[in-house]
Visitor: 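I'd like to ask you about the structure that follows.
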Amino acid sequence: MSETVSGRTSIEELRRDPREWNRRGLTHPAVLRAMVTARVNGHDGPAQEPTYADFFSG
């Protein structure tokens, strides 16, 4: 990640990074959009359905 002049990462950069979303237990909007599109089109999508263990990993 790049840093701003003050040495801090901008919020826009953090929002673009899927790891930052995952760190907070969220799905990045691009991944979510792909899952919804795949579901609407009748495909399984890029990821499996979440399982109980997904919420307690790490």
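Reckoned from all heavy atoms, side chains included, excluding hydrogens, waters and symmetry mates.
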Visitor: What's the spacing between Asn22 CG and Thr27 OG1 if we round to 0.5 Å?
Guide: 7.0 Å
Visitor: How would you list all residue pairs meeting salt bridge (charged side-chain N to carboxylate O under 4.0 Å, His left out) that involve residues 26-36, not counting sequence neighbours?
Guide: none
Visitor: Do Trp21 side-chain atoms and Pro29 backbone N/O form a donor-acceptor pair below 3.5 Å?
Guide: no
Visitor: From Ser10 OG over to Arg16 CZ, what is the distance, rounded to the nearest 0.5 angstrom?
Guide: 6.0 Å
Visitor: Who passes salt bridge (charged side-chain N to carboxylate O under 4.0 Å, His left out) against Arg23, sequence neighbours left out?
Guide: Glu20
